[in-house]
A.B. asks: 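First, the structure itself, so that you have it in front of you.
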Amino acid sequence: MNIQQSPQPANGQTPDGKTLYTIIVFSENLAGVLNQVTNVFTRRQLNIESLNVSPSGISHVHRYTITCYADEACIRTVTKQIEKKIDVIQARYYTADDIYVMEQALYKVATAKLLENKEISKAIRFHDSKIVEVNATYSIVSKEGLPDDIMELYRKLKGYDCLLQFVSSGVIAVSKSHREQLSEFLHLREEEYRVHSNE
């Protein structure tokens, strides 16, 4: 599942100085968890910029990657509240320096304008994108990369007045840490369970 809001500011900050944070949540694969997580943002009137939900690399564990503009005190509180949910295993927040992110996007452009204006196809090639579908009415351009790169091509195509539709997957992210905190946490939890079972 992916939810993507309107295009984000290119510099990762809003005019009032709030920072774009990424929260990564791991939970049991159960119905209703997504609603519990998003309700935390709703109660604090925080807008979710993007939301990506997918299976993790661990059986029966789902991963939620959420981006949101906030100050650090607020995002710390939100993360703690999410982690307190009974079906949530772990929640952590990150800045852009802490994680490696990737996004995928599709751009639907008018074929007539694409053929008329060679600058459009030049821009598509320049941004390491590819045309994956062409018909008489529209063409589909696919791109994957960093969110800023995705938005740069969006603005370029918008400027050529050829863009019919735009959609992006929302951010997926991995931490730059050398430690795998979820694996460590699950290992410790399993050890504790084993000890208590043998008592």
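Here the structure is a predicted model, which means the values were calculated and not measured.
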A.B. asks: Do Glu152 and Asp149 make a side-chain contact, defined as non-hydrogen atoms from C-beta onward lying under 4.5 Å apart?
C.D. replies: yes
A.B. asks: Would you say Val53 and Leu34 make side-chain contact, with heavy atoms under 4.5 Å?
C.D. replies: yes
A.B. asks: Could you go through the side-chain contact (heavy atoms from CB on, under 4.5 Å) check for Val101 and Thr65 one step at a time?
C.D. replies: CA-CA 10 Å; Val101 300; Thr65 305; over 6 Å; no
A.B. asks: When hydrophobic residues are tied together by side-chain contacts of less than 4.5 Å, even through go-betweens, does Phe126 share a cluster with Ile124?
C.D. replies: no
A.B. asks: Between atom CG of Asn47 and atom OH of Tyr69, what is the distance when rounded to the nearest 0.5 Å?
C.D. replies: 10.5 Å
A.B. asks: Do Lys108's NZ or CZ and the ring of Tyr138 fall within the cation-pi criteria of under 6.0 Å and 45°?
C.D. replies: yes
A.B. asks: Applying side-chain contact (heavy atoms from CB on, under 4.5 Å), run through Glu28 and Ile89 and close with a yes or a no.
C.D. replies: CA-CA 7 Å; Glu28 306 287 350; Ile89 300 168; 3.9 Å; yes
A.B. asks: Sub-3.5 Å donor-acceptor pair from the side chain of Asn35 to the main-chain atoms of Gly32, do we have one?
C.D. replies: no
A.B. asks: Check whether any side-chain heavy atom of Leu157 sits under 4.5 Å from a side-chain heavy atom of Val109, and report yes or no.
C.D. replies: yes
A.B. asks: Provide the closest heavy-atom pair for Ala96 versus Lys176 in the form atom of the first, atom of the second, distance.
C.D. replies: O-NZ, 4.3 Å
A.B. asks: Kindly say whether Ile58 contributes a backbone atom to a donor-acceptor pair with the side chain of Ser56 at under 3.5 angstrom?
C.D. replies: yes
A.B. asks: With a 4.5 Å cut-off on side-chain heavy atoms, are Asn29 and Val61 touching?
C.D. replies: no
A.B. asks: State plainly whether one hydrophobic cluster holds both Leu115 and Tyr160, where clusters connect Ile, Leu, Val, Met, Phe, Trp and Tyr through side-chain heavy atoms under 4.5 angstrom apart.
C.D. replies: no
A.B. asks: Give the ring-plane orientation class for Phe166 versus Tyr107, where under 30° counts as parallel, over 60° as perpendicular and anything between as tilted.
C.D. replies: tilted
A.B. asks: Taking Ile120 as the starting point, is it possible to reach Val134 by hopping between hydrophobic residues whose side chains are less than 4.5 Å apart?
C.D. replies: yes
A.B. asks: In terms of hydrophobic clustering (I, L, V, M, F, W, Y; side-chain heavy atoms under 4.5 Å; direct or indirect links), are Leu164 and Val132 co-clustered?
C.D. replies: yes
A.B. asks: Check for a donor-acceptor pair, side chain of Ser169 on one end and backbone N or O of Gln104 on the other, with a separation under 3.5 Å.
C.D. replies: yes
A.B. asks: Please check this pair: side chain of Lys158 against backbone of Leu163, looking for a donor-acceptor N/O pair closer than 3.5 Å.
C.D. replies: no
A.B. asks: Can you find a side-chain donor-acceptor pair between Asp98 and Thr95 that sits under 3.5 Å?
C.D. replies: yes
A.B. asks: Can you name the nearest heavy-atom pair linking Ile24 to Ala173, along with the distance?
C.D. replies: CD1-O, 3.9 Å
A.B. asks: What are the two closest non-hydrogen atoms of Arg63 and Val174, and how far apart are they?
C.D. replies: NH2-CA, 4.0 Å
A.B. asks: Is any side-chain heavy atom of Ile23 closer than 4.5 Å to one of Cys68?
C.D. replies: no
A.B. asks: Side-chain atoms of residues 74-84: list all donor-acceptor pairs with protein atoms under 3.5 Å, sequence neighbours left out, distances to 0.1 Å.
C.D. replies:
{"unit_1": "Thr77", "atom_1": "OG1", "unit_2": "Ala73", "atom_2": "O", "d": "3.1"}
{"unit_1": "Thr79", "atom_1": "OG1", "unit_2": "Ile75", "atom_2": "O", "d": "2.7"}
{"unit_1": "Glu83", "atom_1": "OE2", "unit_2": "Ala91", "atom_2": "N", "d": "3.2"}
{"unit_1": "Glu83", "atom_1": "OE2", "unit_2": "Arg92", "atom_2": "NH1", "d": "2.9"}

A.B. asks: Using side-chain contact (heavy atoms from CB on, under 4.5 Å), reason through Leu146 and Met102 one step at a time and then give a plain yes or no.
C.D. replies: CA-CA 5 Å; Leu146 299 175; Met102 184 69 71; 5.7 Å; no
A.B. asks: Closest approach of Ser168 and Glu103, non-hydrogen atoms and distance?
C.D. replies: OG-OE2, 3.0 Å
A.B. asks: Starting at NZ of Lys130, measure out to CD1 of Ile140 and round the result to the nearest 0.5 Å.
C.D. replies: 13.5 Å
A.B. asks: Are side-chain heavy atoms of Val33 and Lys85 found at a separation under 4.5 Å?
C.D. replies: no
A.B. asks: I need the Glu133 CD to Leu106 CG distance, nearest 0.5 Å.
C.D. replies: 11.0 Å
A.B. asks: For the side chain of Lys143 and the backbone of His127, is there at least one donor-acceptor N/O pair under 3.5 Å apart?
C.D. replies: yes
A.B. asks: I want to check something: taking the side chain as every heavy atom from C-beta on, are Val171 and Ile66 in contact at a cut-off of under 4.5 Å?
C.D. replies: no
A.B. asks: Starting at CD1 of Ile131, measure out to CZ of Arg125 and round the result to the nearest 0.5 Å.
C.D. replies: 8.5 Å
A.B. asks: Is a side-chain N or O of Ser139 found less than 3.5 angstrom from the main chain of Thr111, in a donor-acceptor match?
C.D. replies: no
A.B. asks: Going by heavy atoms in the side chains, are Tyr21 and Thr19 under 4.5 Å from each other?
C.D. replies: yes
A.B. asks: I'd like to know if the side chain of Thr22 reaches the main chain of Tyr94, judged simply by a donor and an acceptor atom lying under 3.5 Å from each other, with no hydrogens or angles considered.
C.D. replies: no
A.B. asks: Which pair of non-hydrogen atoms, one from Leu153 and one from Ser129, has the smallest distance, and what is that distance?
C.D. replies: CD2-OG, 3.2 Å
A.B. asks: Return the CG to OG distance between Asp128 and Ser142, rounded to the nearest 0.5 Å.
C.D. replies: 12.0 Å
A.B. asks: Determine, for Glu119 against Lys122, whether the closest basic-nitrogen to carboxylate-oxygen distance falls under 4.0 angstrom.
C.D. replies: yes
A.B. asks: Calculate, to the nearest 0.5 Å, the distance between atoms CD and OG belonging to Gln36 and Ser27 respectively.
C.D. replies: 8.5 Å
